[in-house]
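Shown next, in structure tokens, is the structure this report addresses.
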Amino acid sequence: MNHFTWKKRLSQLVIVMVMLTLFPLTGFAEENDINMDPPLTGFEQRDGETWTTHEEEIEFLEEVATLSDRVSYSQIGTTVEGRPLHLVRVGFPEPPSDEDIANGNNMLVIGTQHGNEGAPREMALKLLRDLAFTDDEERLELLQDATILFIPTANPDGREADTRSNAEGIDINREHLSLRTLEVQAIASVLDEFNPDITVDGHERPRASGNPDIEMLWPRNLNVDEQLRSLNQEMVEDHLLPEVEGYGFSTGLYGTPGGAGGGDERIMRNMLGLRNGLGLLTETAGLQEPNYRVDAQMRTVEGVLSFYYDRFEEITSVVSGAPERQAFLGNEQNQPFYLDGADNWEPTNIIEKKPTGYLLTNVQVNAMNKHMNLFSLEKENVYSAGEYVTMSQPKMGVIPFLFDKRATYNEVEGIALYNSQNVGTATNMSLLVDHFANENAFTNTSDVRTLKMQLTAVDRFEKKEDTSKVNKHLNGLIDLLNYQSDNDLVSEDAAEDLMKYALFLKEKWLD
């Protein structure tokens, strides 16, 4: 080594020593942070002997969010007993803003709607942690393109009490149409804001000891967009079942036709499809060993992530196109709406000719305000007497279930209209009379003519805005409807809807 080289090396050594003095162990600390073990859930710490407690879950979420830039979380609701409901966001290199999440791609995992079904919750906690610290290139690429959302515990009061229901004794998985519990309202707010491409709804069969280890199912409701349901079924049957079986778990499809595996519009599995997204129900056997059940849930949802990654463009195309297809179908009156049935069970309650929409009174509008907001239903004001909800909109699949008197679990009984011209006028009511006449709702054609003549008089004075004479002829119309109903000259359904419409017009002209 020559003199010049030796002096150069000595100078470099001095510089290094100075740097270490000024910045002691900085690089080692960063390396240690990277290589430190990720946090464990309470369930993992006890090797599955007991479930993660509520307090442990909160500490776990805070620790993961602190240690990983990929994770953020916030409170989206509170139960009747005061426990928080959390939404966790996982993205790479960090979660986008909520606005960007909503405008982009995302997937949602929901754990433990039923409080005595613990494995899905543990799966959600473990999976969000694993994604927060993974170095798997495929997972990181997916997290760049789509945010993975989690509601780890959808029913924290029920989980704390180890009960299926919430603290009010309500099975919240029968309330996704009614939206009557705080837990379901929080879930609905997330579904409405972010419109996930795929949502996983984790459950267990508490009395099952296996055979199979895990069951799955897609939204079977017949009003779900056909392209969505086809892709959803393919995800389950052609991708998830064989993949999970490859890990040594036995698999099957959940439920029986007409039962828990049917098209019930109240449960989340079907509501996910009616909200125009892909949905998956998972059901592990609740009497098996807890770690085994959690692992089965994990393998299944990891399979969903792989399907999302592999078919990302197709999933995006099908999901993003569903709202427009549904709005178009809602306007096709010759296409039926199914009030029961499923894709494996023949329907028995069918609206053969779809309404163009539903007319609601102000009282009904006030009662349905929560639903209007959490389903993002489009509506138009009808003078000052009420609102009209058209079927030609993206969420048309929930509208008759909410407003049609023929639906099993309807929230209100709106007036089903079959023509959207001049809604809220005598002219439109006359078109409803024509609809019922075509349905053979009247005994004699003369009764139809009498009603239409009375409505013509109402229409003439409506156009003149002569309130006194409008109300006079509306009173005559109501008397005529009562006479026809009392003498069985019109069907009960037609008489009921026409009377509702007459009273709606009375309310309009009282202002």
Side-chain angles (χ1 to χ4, degrees), residues 223 327-339 347 349-361 364 379-380 382-383 385-393 396-397 399-407 410 412-460 462-463 473-474 476-508:
N223 303 291
F328 178 82
L329 185 61
N331 198 42
E332 294 290 293
Q333 288 184 270
N334 61 336
Q335 296 297 313
F337 191 91
Y338 302 96
L339 293 173
N349 190 6
I350 305 172
I351 301 175
E352 296 290 353
K353 180 181 180 181
K354 282 202 298 289
T356 57
Y358 293 83
L359 184 58
L360 307 180
T361 66
Q364 291 173 328
K379 56 191 184 297
E380 78 182 65
V382 181
Y383 304 95
E387 291 180 343
Y388 177 65
V389 182
T390 177
M391 282 287 286
S392 183
Q393 60 174 300
M396 80 92 184
I399 292 172
F401 289 129
L402 289 169
F403 304 138
D404 201 293
K405 65 183 178 182
R406 293 163 287 189
N410 61 297
V412 298
E413 293 187 1
I415 304 170
L417 301 183
Y418 297 85
N419 192 301
S420 57
Q421 297 178 2
N422 302 306
V423 171
T425 67
T427 298
N428 186 265
M429 183 173 173
S430 184
L431 294 171
L432 185 59
V433 172
D434 290 338
H435 164 76
F436 285 125
N438 291 332
E439 297 289 315
N440 299 314
F442 293 92
T443 303
N444 301 302
T445 56
S446 59
D447 297 314
V448 177
R449 288 197 301 270
T450 305
L451 273 179
K452 290 179 69 68
M453 287 175 59
Q454 191 70 25
L455 283 165
T456 299
V458 175
D459 174 61
R460 182 166 63 251
E462 274 194 321
K463 289 173 179 174
H473 287 283
L474 282 174
L477 176 65
I478 290 169
D479 289 341
L480 179 57
L481 285 169
N482 280 325
Y483 173 81
Q484 290 184 347
S485 179
D486 292 343
N487 290 276
D488 297 325
L489 301 176
V490 61
S491 72
E492 184 177 338
D493 284 344
E496 182 181 355
D497 279 6
L498 291 172
M499 182 61 76
K500 285 180 184 177
Y501 212 144
L503 294 174
F504 183 94
L505 296 177
K506 282 284 288 183
E507 181 70 22
K508 166 188 165 183

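Computation of the quantities below employed the complete heavy-atom set of this structure, encompassing side-chain atoms and omitting hydrogens, waters and symmetry-equivalent molecules.
- Atoms CE and CG, on Met453 and Leu477 in that order, are 13.0 Å from each other to the nearest 0.5 Å.
- Contact record, Ser420 with Thr356: N-OG1, 3.7 Å, taken as the closest heavy-atom pair.
- Using modelled atom types, no side-chain atom of Lys508 and backbone atom of Tyr383 make a donor-acceptor pair closer than 3.5 Å.
- The distance from atom CG of Asp497 to atom CE of Met429, rounded to the nearest 0.5 Å, is 9.5 Å.
- Pairs engaging residues 421-439 under the side-chain hydrogen bond (donor to acceptor under 3.5 Å, both in side chains) rule: Thr427-Asp459, Asn428-Tyr501, Ser430-Lys452, Asp434-Lys452 [sequence neighbours left out].
- Checking side-chain atoms of Asp404 against main-chain N and O of Arg406 turns up a donor-acceptor pair under 3.5 Å.
- With sequence neighbours left out, the side chain to side chain donor-acceptor pair (under 3.5 Å) criterion links Gln393 to no other residue.
- Residues Met396 and Leu329 are in side-chain contact: their nearest non-hydrogen atoms beyond the backbone lie under 4.5 Å apart.
- Counting only distance, with no hydrogens or angles, the side chain of Gln335 and the backbone of Gly330 share no donor-acceptor pair below 3.5 Å.
- A donor-acceptor contact shorter than 3.5 Å is absent between the side chain of Tyr358 and the backbone of Ile399.
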Test log, rule side-chain contact (heavy atoms from CB on, under 4.5 Å), inputs Ile478 and Leu503: CA-CA 8 Å; Ile478 290 169; Leu503 294 174; 3.9 Å; yes

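- Taking the side chain as every heavy atom from C-beta outward, Phe442 and Leu489 never approach each other to under 4.5 Å.
- Counting heavy atoms from C-beta on, the side chains of Tyr418 and Leu432 come closer than 4.5 Å.
- The closest donor-acceptor contact from the side chain of Lys500 to the backbone of Glu413 lies under 3.5 Å.
- For the pair Val490 and Leu451, the minimum side-chain heavy-atom distance is 4.5 Å or more.
- Within the structure, side-chain hydrogen bond (donor to acceptor under 3.5 Å, both in side chains) pairs that include any residue of residues 482-493 do not occur (at least two apart or interchain).
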Full working for side-chain contact (heavy atoms from CB on, under 4.5 Å) between Asn410 and Phe403: CA-CA 6 Å; Asn410 61 297; Phe403 304 138; over 6 Å; no

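- Annotation: side chain of Leu360 is not in contact with side chain of Tyr388 (no heavy-atom distance under 4.5 Å).
- Side chain of Gln333 to main chain of Lys354: a donor-acceptor pair is present (N/O by atom type, distance under 3.5 Å, no hydrogens or angles).
- Atom CD of Gln364 sits about 8.5 Å away from atom CG of Leu359, to the nearest 0.5 Å.
- The minimum heavy-atom distance linking Ala426 with Glu462 is given by the pair N-OE1, 3.0 Å.
- When all heavy atoms of Gly424 and Val382 are compared, the closest pair comes out as CA-CG1, 3.6 Å.
- Taking 4.5 Å as the limit, some side-chain heavy atom of Pro400 sits within range of a side-chain heavy atom of Met391.
- Taken to the nearest 0.5 Å, the NZ atom of Lys379 stands 13.0 Å off from the OG1 atom of Thr390.
- Separation of atoms CG (Leu474) and NZ (Lys506) is listed at 6.0 Å; rounding is to 0.5 Å.
- Here the straight-line distance linking atom CG of Asn223 with atom CZ of Phe337 works out to 3.5 Å at 0.5 Å rounding.
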